[in-house]
Amino acid sequence: MMSNDLAGVWEVALSDGVHRIEFEHGTTTGKRVIYVDGKEILRRDWMFKLVGKETFTVGKSDMKATINIDAVSGFAYEYTLEINGKSLKQYMENRSKVTSTWLLNLDGMDCRVVLEKDTMDVWCNGQKIETAGEFVDDGTETHFTLGDHNCCVKAVSSGKRRDGIIHTLLVDGTEITECTE
């Protein structure tokens with residue numbers, strides 16, 4: 001049951017899914033409550049200091065998150081979320097460089113497939129998937145299955161240093177378009 005002290009709501013895309021973070025700040029009672037995906041994970045009552053920060057973790061990889069509470073003027077406050085020490089905007093910009101994400105529907109089920117480019121780990125709907133990697137003539141292929149479907153992430157050099165390596169998801173031989181979160 002949410003109170004009317006809701007001060008901030010953020011959506012954070014991690015490899016294991018998109019998480020919703022909600023923050024309640026009672027400026028008269030000094031209350032601070034943090035919810036992740038609707039579950040209360042932190043509650044402090046009667047905090048006399050109304051500014052400061054609260055640190056907690058999000059997702060299966062226990063990503064560090066911090067909500068900063070700053071006084072703007074008088075009784076107005078500003079709330080900013082940091083993920084892994086970066087502002088949410090910086091984190092998401094960096095994340096788009098280190099991950100690729102595809103949204104697809106397989107056999108009537110929505111799938112969110114995430115590739116972590118540094119480790120070549122593949123996640124689907126919050127679960128890390130068993131994969132088999134192999135080197136091929138023009139790069140690498142990471143094979144895995146989703147249900148009865150054969151999937152493969154192809155990593156091929158773009159030939160341009162700035163663009164680096166291009167990752168393509170194939171499901172039963174059909175290319176899936178990457179999405180931006």
Side-chain angles (χ1 to χ4, degrees), residues 1-106 109-129 146 153 163-165 167 169 176-181:
M1 171 59 201
M2 298 300 254
S3 73
N4 56 2
D5 290 331
L6 191 62
V9 178
W10 299 272
E11 302 265 320
V12 181
L14 300 178
S15 294
D16 68 349
V18 179
H19 299 280
R20 183 180 171 91
I21 298 171
E22 295 165 292
F23 179 59
E24 290 182 8
H25 190 214
T27 52
T28 49
T29 61
K31 175 185 80 172
R32 297 180 188 177
V33 186
I34 297 173
Y35 299 88
V36 175
D37 300 327
K39 196 169 137 236
E40 182 181 308
I41 58 150
L42 183 142
R43 174 181 290 268
R44 297 190 201 287
D45 289 306
W46 303 106
M47 298 277 297
F48 292 107
K49 196 166 177 244
L50 292 175
V51 296
K53 56 176 59 178
E54 293 295 348
T55 299
F56 55 101
T57 60
V58 181
K60 290 185 176 160
S61 56
D62 285 334
M63 187 70 69
K64 187 176 137 201
T66 303
I67 294 174
N68 295 301
I69 309 156
D70 297 300
V72 184
S73 64
F75 292 100
Y77 295 89
E78 184 180 74
Y79 308 94
T80 52
L81 177 69
E82 289 178 0
I83 303 292
N84 239 8
K86 297 184 171 84
S87 75
L88 183 58
K89 184 175 184 292
Q90 287 173 318
Y91 173 78
M92 294 314 289
E93 284 169 1
N94 181 58
R95 184 169 170 77
S96 69
K97 292 182 190 122
V98 297
T99 63
S100 291
T101 303
W102 297 272
L103 300 175
L104 58 149
N105 190 294
L106 284 181
M109 190 177 91
D110 288 328
C111 298
R112 178 178 178 269
V113 176
V114 177
L115 168 71
E116 294 182 352
K117 295 176 188 175
D118 54 348
T119 59
M120 293 306 283
D121 286 342
V122 176
W123 293 74
C124 179
N125 293 350
Q127 299 298 317
K128 200 161 145 188
I129 304 285
L146 294 176
V153 173
D163 298 338
I165 294 171
H167 296 87
L169 174 65
I176 307 296
T177 308
E178 187 176 344
C179 78
T180 52
E181 291 185 304

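For the numbers below, each heavy atom of this structure counts, side chains included, while hydrogens, waters and symmetry mates do not. All values reported here derive from a predicted model rather than from experimental measurement.
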* Could you walk me through whether V98 and E116 pass the side chain to side chain contact (heavy atoms under 4.5 Å, CB included) test, one step at a time? => CA-CA 6 Å; V98 297; E116 294 182 352; over 6 Å; no

Would K128 and V122 count as a side chain to side chain contact (heavy atoms under 4.5 Å, CB included) if you check the C-alpha gap in whole Å, the side-chain angles of each, and the deciding distance to 0.1 Å? CA-CA 6 Å; K128 200 161 145 188; V122 176; over 6 Å; no

(message) Checking L169 against V153 for the side chain to side chain contact (heavy atoms under 4.5 Å, CB included) test, could you report, in this order, the C-alpha distance in whole Å, the side-chain angles of both residues, the deciding distance, and whether it holds?
(response) CA-CA 5 Å; L169 174 65; V153 173; 4.0 Å; yes

Checklist entry - Hey, mind stepping through I67 and I34 against side chain to side chain contact (heavy atoms under 4.5 Å, CB included) and telling me if it holds? => result CA-CA 9 Å; I67 294 174; I34 297 173; 4.0 Å; yes

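Here the straight-line distance linking atom CG of L104 with atom SG of C179 works out to 9.5 Å at 0.5 Å rounding. Summarising the geometry, atom CD1 belonging to I176 is positioned 7.5 Å from atom CG belonging to L106; distances are rounded to the nearest 0.5 Å. One finds the OG atom of S61 at 6.0 Å from the CG atom of L14 (value rounded to the nearest 0.5 Å). Of the inter-residue distances, the one linking I41 atom CD1 with Y35 atom OH reads 11.0 Å to the nearest 0.5 angstrom. Here the OG1 atom belonging to T27 is positioned 11.5 Å from the CZ atom belonging to R32, to the nearest 0.5 angstrom. Taken to the nearest 0.5 Å, the CG atom of L42 stands 5.0 Å off from the CD atom of E54.
Among all heavy-atom pairs drawn from I83 and A65, the shortest one is CD1-CB, 3.9 Å. The two residues V113 and C124 make their nearest non-hydrogen contact at CG2-SG, 4.3 Å. Smallest separation of non-hydrogen atoms from V33 and E40: CG1-CG, 3.8 Å. Residue A7 comes nearest to H25 through the heavy atom pair CB-CB, 4.0 Å, listed as atom of the first residue, atom of the second, then distance. Across T66 and K64, no two heavy atoms sit closer than the pair OG1-CE, 4.0 Å. The nearest pair of heavy atoms linking I129 to L146 is CD1-CD2, 4.0 Å.
Contact of the E178 side chain with the T101 side chain is not registered, since no non-hydrogen atoms from C-beta on lie closer than 4.5 Å. In this structure the side chain of V114 reaches within 4.5 angstrom of the side chain of R95, judged on heavy atoms. Counting only heavy atoms from C-beta outward, the side chains of N94 and K86 approach each other to under 4.5 Å. A 4.5 Å side-chain heavy-atom check between Y91 and M63 finds at least one atom pair inside the cut-off. M92 places none of its side-chain heavy atoms less than 4.5 Å from the side chain of E11. Inter-residue side-chain proximity for L6 and E22 is flagged as met; some heavy-atom pair is nearer than 4.5 Å. The side-chain heavy atoms of L88 and V12, taken from C-beta on, include a pair separated by under 4.5 Å. Using a 4.5 Å heavy-atom threshold, the side chains of I21 and L81 count as touching.
More than 12 heavy atoms of other residues, nucleotides or ligands shown are found within 6.0 angstrom of NZ on K117. In this structure, K60 places its NZ atom where more than 12 heavy-atom neighbours from other residues, nucleotides or ligands lie under 6.0 Å away.
Of the charged side-chain nitrogens involved, at least one lies within less than 4.0 Å of a carboxylate oxygen, so that E93 and K89 count as a salt-bridged pair. Checked for salt-bridge contact, K31 and E24 meet the test: a charged N lies under 4.0 Å from a carboxylate O.
In this structure, Y77 and Y79 have tilted ring planes: the angle between them lies in the 30° to 60° band.
Residues S15 and R112 bring no donor and acceptor atom of their side chains to less than 3.5 Å of each other.
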